[in-house]
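Working notes for the structure below.
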Amino acid sequence: MAASNYLKRKHRRHKKKARPRFKEIELNVMPFVDVFSLLTTFLLMAAVFVAIGIIEVQIPFLTSEKPDSTPQRVLDLKVDMEKDKVTVVTSYTLPPTNEVKKEYKLNPADLEEMHLYLVGVKRKNLEVDRVSFFTDIDVKWGDMAKVLDVIKLRKYNDPIFVPKGKENDALAVAEATAYLYPKVVFSSVMLN
Amino acid sequence: MAAANTGEGTEITLNIMPMLDIFSILIVFLLMSYSTDPVSYDINAGLELPDSNSMQALDEIPTIAITKTEILINDKKIVKIVNGDVPSDDMKQGASYAVFAELEKIAEVQKRIRRRLNYLDPKEKGDILTIEIDKNHEFKIMKRVMLAAQQAEFITFKMMIARLKR
């Protein structure tokens with residue numbers, strides 16, 4: 001009896017071996033799903049869908065410092081914004097002032113033209129890094145931000161204007177790469 | 001394919017491959033849009049920021065938030081906004097007095113900290129404030145806040161914007 005059982009088992013084992021060797025292999029994807037779901041949850045919780053940035057502006061301040069005893073003739077750049085138009089005024093601080101006024105509407109084409117004009121002004125006056133920004137009280141911040149972009153930021157196809165003598169100053173080069181006019185002063189804050 | 005035996009001899013299988021596909025696409029999208037900015041900040045409810053091409057990232061939590069209805073300083077309600085402006089009883093010399101009083105306290109604390117750390121620079125002119133303001137607000141209210149800030153010796157402002165992807 002025992003011998004016959006042994007033979008049967010052996011036969012069965014032998015039979016198994018004789019089966020074709022192609023087996024269906026299944027990949028256990030459950031750990032993958034677990035990792036993916038955890039990662040998705042974490043990323044959805046941590047995601048910030050609006051990239052927040054800043055535009056730096058200044059306002060004039062009162063100082064007790066003595067003014068420059070020998071005033072120099074430099075270009076003064078002013079931007080005057082109204083609800084539907086922007087005026088760029090360039091004039092020199094000492095006579096002859098050679099004042100030039102240019103008006104632009106608040107549409108993309110005109111703002112692009114204004115940017116090109118400001119690039120031209122910068123090309124001729126590398127030392128100018130400050131713009132006095134005047135605006136009416138009824139102008140919306142959303143519109144002001146558009147104009148500030150045009151004044152302050154250097155576009156990728158604009159030349160890089162590094163101030164004379166600062167070509168080897170890494171900070172000055174970085175600033176010139178990012179900005180056309182780095183300092184924008186909200187001068188109308190002080191006006192009544 | 002995931003399978004489960006019901007114990008009655010039948011095997012139920014769930015095709016999870018489409019789910020995996022969705023997960024992978026979602027992860028790629030989330031990783032692509034994952035923000036690496038130094039500060040992660042949720043914009044105040046009911047406030048819309050203007051779009052800008054500025055590449056400068058937000059580097060500190062805003063001190064002043066000017067929402068559609070009120071002015072908050074460090075999440076504390078300071079003034080209610082009435083018709084897009086601060087109420088006339090809060091105004092002094094064209095500035096919001098309540099904003100000035102609160103900012104003066106902040107400026108004093110900052111000065112005290114600097115003094116303790118021996119970090120007082122006599123050449124330094126004014127402090128910096130980060131402002132979050134709704135894009136539909138007019139310059140009128142911005143001016144009230146900026147004037148108040150100037151009187152509390154803040155002269156540089158980091159105006160928050162929504163960065164456009166280049």
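In what follows, every chain begins at residue 1, and chains take the letters A, B, ... in the order their sequences are listed.
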Q) Which bit of B:Leu49 comes within less than 4.5 Å of chain A, counting heavy atoms only: side chain, backbone, both or neither? A) side chain

**Q.** Residue list, salt bridge (Lys or Arg N to Asp or Glu O under 4.0 Å) with B:Lys105, at least two apart or on another chain
**A.** B:Glu102

**Q.** When B:Glu138, B:Gln150, B:Met142, B:Glu48 are compared by non-hydrogen pairs under 4.5 Å with chain A, the top option
**A.** B:Glu138

Q) Should A:Tyr181 and A:Val89 be regarded as members of a common hydrophobic cluster, given that ILVMFWY residues are connected when their side-chain heavy atoms come within less than 4.5 Å of each other, either directly or indirectly? A) no

Q: Taking all non-hydrogen atoms of both residues into account, name the closest pair between B:Lys143 and A:Val189 and its distance.
A: CE-O, 3.4 Å

Q: Spell out the residues in residues 118-143 of chain A that have some non-hydrogen atom less than 4.5 Å away from a non-hydrogen atom of chain B, in order of number; otherwise answer 'none'.
A: A:Thr135, A:Asp136, A:Ile137, A:Asp138, A:Val139, A:Lys140, A:Trp141, A:Gly142

Q | Test item: B:Ser54 side-chain N/O and A:Ile55 main-chain N/O as donor-acceptor pair under 3.5 Å | A | no

Q: State whether the side chain of A:Asp149 and the backbone N or O of B:Ser52 hold a donor-acceptor pair below 3.5 Å, judged by distance alone.
A: no

**Q.** B:Met146 portion near chain A, given a 4.5 angstrom heavy-atom threshold
**A.** both

Q.
Quick check: do B:Thr156 and A:Glu56 have side-chain heavy atoms less than 4.5 Å from each other?
A. yes

Q. Got a sec: does the CD of B:Gln93 have more than 12 other heavy atoms crowding it under 6.0 Å?
A. no

Q) chain A: which of B:Ile133, B:Asp51, B:Ile141 shares the most heavy-atom pairs with it under 4.5 Å? A) B:Ile133

Q) Can you tell which of A:Phe36, A:Tyr179, A:Phe32 has the highest number of heavy-atom pairs within less than 4.5 Å of chain B? A) A:Phe36

(Q) Looking at every non-hydrogen atom in both residues, tell me the closest pair between A:Ile52 and B:Arg163 and how far apart they are. (A) O-NE, 3.7 Å

Q.
Please say yes or no: joined through hydrophobic side-chain contacts below 4.5 Å, possibly via intermediate residues, are A:Val100 and A:Val74 part of one cluster?
A. no

Q) Which atoms of B:Leu26 come close to chain A, meaning under 4.5 Å heavy atom to heavy atom: side chain ones, backbone ones, both, or neither? A) side chain

Q: Please list, chain by chain and in numerical order, all residues satisfying side chain to side chain donor-acceptor pair (under 3.5 Å) with A:Lys78, sequence neighbours excluded.
A: none

Q) Partners of B:Asp85 by salt bridge (Lys or Arg N to Asp or Glu O under 4.0 Å), sequence neighbours excluded? A) B:Arg144

